[in-house]
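First up is the structure itself, then whatever we jot down about it.
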Amino acid sequence: MLTLKYIAENSEDVLKRLKKKHFDGEQLISKVLELNAERKKTQYDADSIAAEINKISKEIGSLYKQGKTSEADALKQKTIELKESIKLLEEKQNQIEATLNEILVQIPNLPHESVPEGKLAEDNHVERTGGKIPSLPADALPHWDLAKKYDIIDFETGVKITGAGFPLYKGKCAQLQRALINFFLDNARAAGYMEVQPPYVVNEASAYATGQLPDKECQMYFCQEDNLYLIPTAEVPVTNIYRGMILNENELPIKNVAYSACFRREAGSYGKDVRGLNRLHQFDKVEIVQIQLPEKSYDTLYEMVHYVEGLAEKLELPWRTLRLCGGDMSFTSALTFDIEVYSAAQQRWLEVSSVSNFESYQANRLKCRYRSSDKKIELCHTLNGSALALPRIVAALLENNQTPEGIRIPKALIPYTGFELIN
RNA sequence: GGAGAGGUGCUCGAGUGGUUGAAGAGGUACGCCUGGAAAGCGUAUAUACUCCUAAAGGGUAUCACGGGUUCGAAUCCCGUCCUCUCCGCCA
């Protein structure tokens, strides 16, 4: 969330920038300003009384030591009155802070100045494209038909075991997925990321810190017995490694990569978009996360985007990078680039990565800070991106590389799969 | 799952009701010393909020978390969470 301080000191700027996200913050912001003023006043009053009580308590202590019990008892009476008034103030203070917090989590991050105006996906800017869209014969098959033809993904059995959106990968497709995971992890390691294996289930505090709670509860699978959530992305556990930490400036940037299975309820998405591998309840993803100094975070963002583009390039997939417009960006992001690959039989672009700079928005909830060389403590900037999500990559690979002999594996992957053709 | 022990600062560790934000040690930083280093000596070393135009300097809170007792709680009581040990079970 945004810091109270920033809103209090820059409310005009906040309102102006929220408009780009098509978020009307007038009411919330003015409420924040009002409550903040009240909070300060209440705190000052309560603190003054507490100081008074502390002072008297010490006096009582020394009076007792001197044996002046009657004087001490008289002072006791005074603190009883003070305690009553402080209690009221404290209750008020707690309530103000709770309300303030409720409001703050409803205010999205401010978009970076380079975010294009716009409301819908059509308003996103195409930044770069690469690779070559293959020309497939007219009878080219979408990946769900190829999956059946070669018997490599069994959607029906997935339904039997669990339900829709939980496919069963078989044979060479299972191997291909394992190959992709290793390929992505190895590339990330070569780019300086440290691999971590996080838990796939997180507690409430973690889900809250990265912003899944309180609003997006219904997107996560929840284990009621244990009060734990299945992760929708490795971003959640990996970013939470740094929750509550004060890092030294020289430890930054922190670069982590993690493979994980991801679980998403995807409540409310149906239709042709969800056919085959396009949208699943469980999928595999390799995620890169960086914690960076504020002044360097945008350089880092561009570096991460280029890194992801490089992966698409190595997999010989046609790709394009979009700079998301204000209306299409996520709640918590300041600037997001989506990387899409072209799935030639479906003839559509599929999002395979979303790389974002959250600036200090996420770090503020995480309380992830760093101590600069001049001893000042500031919030870090956090960034993350998929590198990459598997199912749509698999879909594009299957469709784009189909030949009469079978499905061709891109050269860079062959050392990982151990085979050149799915047939 | 059963029984027990415990959670104190960057770390270790003292502290069972009254200047304890917290002894002591270690670590770290700076200074002195040195030709340079080590050792030694000295100094410093939490966070959040808040008061003050700012600095300087105050105030409040925080010894897992939440509540209670008390004029006063790291210290007593209750609840929650977590860790460890033993037993049982088990990949």
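Convention: sequence-line order gives letters A, B, ...; per-chain numbering from 1. A quick note: this is a predicted structure, and the numbers were derived from the prediction, not measured.
Closest approach to the K87(A) side chain among rU47(B), rG68(B), rG18(B) is made by rG68(B) (side chain taken as heavy atoms from C-beta onward). You'll find that the side chain of K40(A) is closest to rC51(B), out of rG18(B), rC51(B), rA48(B). You'll find that the side chain of R369(A) is closest to rA48(B), out of rA48(B), rA46(B), rG18(B).
Of the candidates F184(A), F283(A), Y259(A), L390(A) forms a side-chain contact (heavy atoms from CB on, under 4.5 Å) with just one, namely F184(A).
Listed by chain and residue number, E316(A) satisfy the salt bridge (charged side-chain N to carboxylate O under 4.0 Å, His left out) test with R408(A) (two or more places apart in sequence, or in another chain). Residues passing the salt bridge (charged side-chain N to carboxylate O under 4.0 Å, His left out) test with R189(A), sequence neighbours excluded: D186(A).
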Distances under 3.5 Å only, N/O to N/O: pair up the protein atoms with those of nucleotides 75-77 of chain B.
none

Sub-3.5 Å pairs of nitrogen or oxygen atoms, protein against nucleotides 58-62 of chain B:
from: rG59(B); atom 1: N2; to: D47(A); atom 2: OD2; distance (Å): 3.0
from: rU60(B); atom 1: OP1; to: N54(A); atom 2: ND2; distance (Å): 3.2
from: rU60(B); atom 1: O2'; to: D47(A); atom 2: OD1; distance (Å): 3.0
from: rA61(B); atom 1: OP2; to: N54(A); atom 2: ND2; distance (Å): 3.4

For a quick test of your reading: what N or O donor-acceptor pairs under 3.5 Å do the side chains of residues 158-176 of chain A make, sequence neighbours left out?
from: K170(A); atom 1: NZ; to: D151(A); atom 2: OD1; distance (Å): 3.1
from: K172(A); atom 1: NZ; to: L421(A); atom 2: O; distance (Å): 3.0

Side-chain polar contacts of residues 110-119 of chain A - donor-acceptor pairs under 3.5 angstrom, sequence neighbours left out - could you list them?
from: H112(A); atom 1: ND1; to: S114(A); atom 2: N; distance (Å): 3.1
from: H112(A); atom 1: ND1; to: S114(A); atom 2: OG; distance (Å): 2.9
from: S114(A); atom 1: OG; to: R323(A); atom 2: NH1; distance (Å): 2.6

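I60(A) comes within contact range of at least one nucleobase, with a heavy-atom separation under 4.0 Å.
The CD1-P distance, from I49(A) to rU50(B), rounds to 18 Å in whole Å. Following rounding to the nearest Å, I246(A) (CD1) and rA46(B) (P) show an atom-to-atom distance of 11 Å. rA48(B) atom P lies 12 Å from atom CG of N364(A), rounded to whole Å. Between E84(A) atom CD and rU70(B) atom P there is a gap of 12 Å when expressed in whole angstrom units.
Residue R371(A) places no side-chain N or O under 4.0 Å from the OP1 or OP2 atom of rU45(B). At least one side-chain nitrogen or oxygen of R39(A) sits closer than 4.0 Å to the OP1 or OP2 atom of rU50(B).
With hydrogens and angles ignored, the 3.5 Å screen pairs no side-chain donor or acceptor of H381(A) with any backbone N or O of L293(A).
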